[in-house]
Amino acid sequence: MESVDYPTQGGQPPTQAAIGQVAYWQFNVTRARALLESMDAACPGRDQEWQPDRLDMLLSAVRILDVNDEAIRLFGLPADRDKVLDRPIASLWPEQSRAALGDLLTTVAASAHKGTVAREIPTVGRLQHVVLTGWKAFDPRCADTVFVSVRATLNAPNAVIELEASQKRYRNMISSLPIPVWQIDARPAGRIFDRLRANGITDMASYSDEHPEIVKLACDIVQVFDVNKEAMVLFGGKHRSEFIGSVKYLFSTTPGATKRVMLAHFSGVRNHVEELKVRTFDGRLLDVLLLMTFPVPGERLDTTILMMIDNTARLEAEAKLRKIEADFSHAARLSTLGEMTTSIAHEIKQPLSAILMNAQTSLRYLRRAEPNLGKVDILTSRVVESAQRAGDIIGRIQDMAGKREATSTLLDFNDVIRQCVVFLRHESEDKGVVITTKLQQDLPAVRGDRIQLQQVIVNLIVNSIQAMKKAPHVHRDIYLETRLDVNARVVFSIRDTGTGIPVDHLDQIFDGFFTTKEGGLGIGLAICQSIIKAHGGEIAAANRPEGGAMFGFSIPTTAMGQLQSAQSLGTFPERQDDIVPRII
Amino acid sequence: MTKVHCVKVCELTLTPIIAVVDDDLSICNALAELLEVFDVKCQIFDRPEKILAAHTRGRFDCLITDLNMKGMSGLELQEKLSAADPDLPIIFMSAQLAPEAKARALRLGAVAFLNKPISDDVLHGHIISALNRRSMDKPDDLPREP
Ligand SMILES: Nc1ncnc2c1ncn2[C@@H]1O[C@H](COP(=O)(O)OP(=O)(O)O)[C@@H](O)[C@H]1O
Ligand SMILES: [Mg+2]
């Protein structure tokens with residue numbers, strides 16, 4: 001290794017011009033002085049090999065006073081300067097060039113003049129032709145302060161090419177990223193933070209509450225220095241220059257965003273993510289997801305990466321989805337109706353046929369030579385009856401198909417079930433299914449929406465009918481049952497002799513759009529569940545040991561109030577009744 | 001049409017009795033009134049089982065039945081009755097478009113398969129032809145014309 005002395009050459013340590021490319025270290029050698037002097041005496045010819053523990057002792061005694069950002073980057077030091085300051089250099093200096101640093105410090109200590117001492121090392125890590133330059137502080141009051149600059153002399157073509165290539169790759173990577181990227185230099189804010197920390201400020205949140213100007217300042221001095229095409233497209237800008245400058249325009253539309261970003265930076269986290277509203281240059285208001293990555297040692301400290309993901313489309317989609325969810329129950333009703341169109345047609349055509357026949361008969365009586373008005377009277381009143389019946393049926397269908405607000409009335413639950421059975425009579429007979437009901441008499445009233453509850457029951461029955469399609473004709477049975485449990489809740493159960501539910505489907509069947517049917521919508525049970533929940537109940541499914549499925553739900557009744565007050569007096573034992581109905 | 005044939009029709013319109021089966025009572029009643037104005041006697045059954053119990057060979061001259069009924073379909077009823085009374089003319093009514101059932105019913109000898117709501121004139125025409133057929137097919141009848 002060759003040592004080069006430049007006693008007076010240049011006279012000055014490298015200055016401003018080189019900042020950003022040269023790493024600076026500032027050492028305190030007070031504790032190492034004794035060692036340095038003895039070494040200087042012991043090894044005048046500096047080409048000697050260092051004894052490892054001697055070198056170690058020396059470097060452990062040399063303390064770090066300060067470093068610049070380039071040193072942090074080049075040597076992979078902690079970004080937080082506090083973590084570096086006052087530490088011995090031994091643990092932070094790269095192994096390959098420790099001897100060189102030892103030599104340099106020894107030489108500087110020994111030199112009487114105020115010039116610089118340089119050492120050249122072929123390679124340190126990826127860098128080639130590294131030149132270490134050391135000098136003493138000019139101020140005689142700081143006799144123990146030594147500066148070391150580290151400069152990689154990039155005259156080796158390979159290194160130049162490699163470095164340039166890597167910078168180009170980096171630029172290309174950023175500019176070709178398919179998401180909008182801003183590159184920001186957040187170091188000015190970092191310096192303010194350093195100063196605040198040095199003054200003992202740790203709670204930045206309350207500090208910035210007391211000094212709101214700090215937020216504004218940080219926002220002003222942190223600068224965007226580059227953006228990619230995607231960012232320009234997102235913001236509707238025409239020239240890159242519009243984007244360069246204070247980051248203010250990124251955060252100003254979202255209250256508190258500047259402060260949150262600043263606090264994140266101060267706290268030293270690697271990433272900050274939040275949802276922002278931004279106003280684009282062409283006046284659009286966008287919902288974006290902000291992703292900021294603050295640099296850590298080993299990365300370029302001058303580059304904070306800020307990315308935005310346009311959420312506007314996603315949020316619009318979510319809003320649409322909410323609308324769809326509202327329509328969901330409507331669709332569920334319609335799908336049930338669709339499954340029953342045959343049934344409905346049949347239901348309406350019956351009274352219609354009777355009307356037509358009675359009217360035709362009336363006409364025949366009226367057109368006789370001697371009209372039989374007595375007959376016409378009877379027949380016409382039957383027409384009225386049947387017309388009313390047809391009207392009722394259409395009303396029922398409209399109730400089911402139309403969007404309507406839920407109502408809450410007192411209902412005879414058994415009556416609700418009976419109507420469903422009537423409604424589905426033809427459907428079930430068509431499919432050879434026998435529906436048997438066992439309804440407990442004198443149930444207390446249930447408060448709820450008749451149409452919705454009917455929808456639940458109709459859905460459950462239709463599912464059971466569908467599950468029995470393949471069963472032999474003699475085994476297509478549906479049992480409907482109601483009873484009152486000890487908590488004065490009405491328990492409804494439906495059991496069928498169908499396929500049953502595969503065990504691994506049991507916890508999915510209530511999910512929206514879960515279906516095993518070709519052409520199934522998979523929303524029947526989801527809507528059942530939401531209706532029962534809205535009625536303060538719960539619905540559950542199970543398989544029957546003897547085959548087939550069972551569904552059950554329980555909902556509160558008007559008798560519950562009395563019961564609850566009785567229970568709170570301790571009259572009734574506290575018991576949570578089974579939700580899944582028992583098999584009887 | 002021959003003279004003989006004509007006489008038979010006139011003679012039969014005085015006596016024939018038609019069975020009406022529909023599980024919807026309002027339809028049964030409406031049909032009964034219509035048949036009355038046609039001057040045809042009828043008996044109504046609101047359940048298919050009831051006519052099976054009441055029926056004997058030759059008791060009814062025609063059967064008008066619904067297709068979809070509680071307990072038993074019109075097709076099943078057709079099967080059972082034609083075993084006991086093979087010549088009984090049957091007119092089907094259905095509120096559903098049931099092409100398969102229709103084809104089957106006609107294949108098994110039904111006179112007609114009508115979709116509800118039913119026109120009185122159409123029904124009248126079918127009743128006349130059904131009664132005609134019945135009179136020709138009656139075992140104690142005169143030999144049919146070639
Ligand atoms: N009674 C039943 N027997 C067997 N499986 C059932 C029964 N009821 C529902 N399922 C299962 O739950 C799934 C979801 O039902 P549902 O939400 O009503 O949607 P869909 O009927 O459109 O498929 C069905 O596809 C079926 O696999
Ligand atoms: Mg369903």
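A note on names: the letters A, B, ... follow the listed sequences, proteins ahead of strands, and every chain is numbered from 1.
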Asks: Name the region of A/Glu429, side chain, backbone, both or neither, that has any atom closer than 4.5 Å to a heavy atom of chain B.
Replies: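 A/Glu429 touches chain B through side-chain heavy atoms alone.
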Asks: Report, by ascending residue number, the residues of residues 376-384 of chain A in heavy-atom contact with chain B at a distance under 4.5 Å; give 'none' if the set is empty.
Replies: A/Leu379, A/Arg382
Asks: Using the side chain to side chain contact (heavy atoms under 4.5 Å, CB included) criterion, which residues pair with B/Asp46? Sequence neighbours excluded.
Replies: B/Leu25, B/Lys50
Asks: Checking A/Thr482 against A/Asn414: is there a side-chain donor and acceptor pair closer than 3.5 Å?
Replies: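 A/Asn414 vs A/Thr482: donor-acceptor pair found between side chains.
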Asks: What residue among A/Ile457, A/Asn459, A/Leu453 forms side-chain contact (heavy atoms from CB on, under 4.5 Å) with A/Gln455?
Replies: A/Asn459
Asks: Given the options B/Asp121, B/Asp120, B/Asp24, which has more heavy-atom pairs under 4.5 Å with chain A than any of the others?
Replies: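 Among the listed options, the one with the most contacts to chain A is B/Asp120.
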Asks: So does A/Met550 get a backbone contact from the side chain of A/Arg495, meaning a donor-acceptor N/O pair under 3.5 Å?
Replies: no
Asks: Heavy atoms only, distances under 4.5 angstrom: which of B/Ala30, B/Ser26, B/Ser94 has the most pairs with chain A? Name it, please.
Replies: B/Ala30
Asks: Tell me the closest heavy-atom pair linking B/Gly109 and B/Gln78, and the distance in Å.
Replies: N-NE2, 4.3 Å
Asks: Pick whichever of A/Ser386, A/Gly432, A/Ala354 has the most heavy-atom pairs under 4.5 Å with chain B.
Replies: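 Top count of heavy-atom pairs under 4.5 Å with chain B: A/Ala354.
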Asks: For A/Lys469, give me all partners under side chain to side chain contact (heavy atoms under 4.5 Å, CB included), at least two apart in sequence or on another chain.
Replies: none
Asks: Counting only non-hydrogen atoms closer than 4.5 Å, does B/Leu35 touch chain A with its backbone (N, CA, C, O), its side chain (CB onward), both, or neither?
Replies: neither
Asks: Has the side chain of A/Thr515 got a donor or acceptor atom that lies under 3.5 Å from a matching backbone atom of A/Lys517?
Replies: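 At least one qualifying donor-acceptor pair exists.
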Asks: For residues 122-129 of chain B, run the donor-acceptor check on the side chains, cut-off 3.5 Å, and write out each pair with its distance to 0.1 Å, sequence neighbours left out.
Replies:
residue: B/Ser129; atom: OG; partner: B/His126; partner atom: O; Å: 3.1

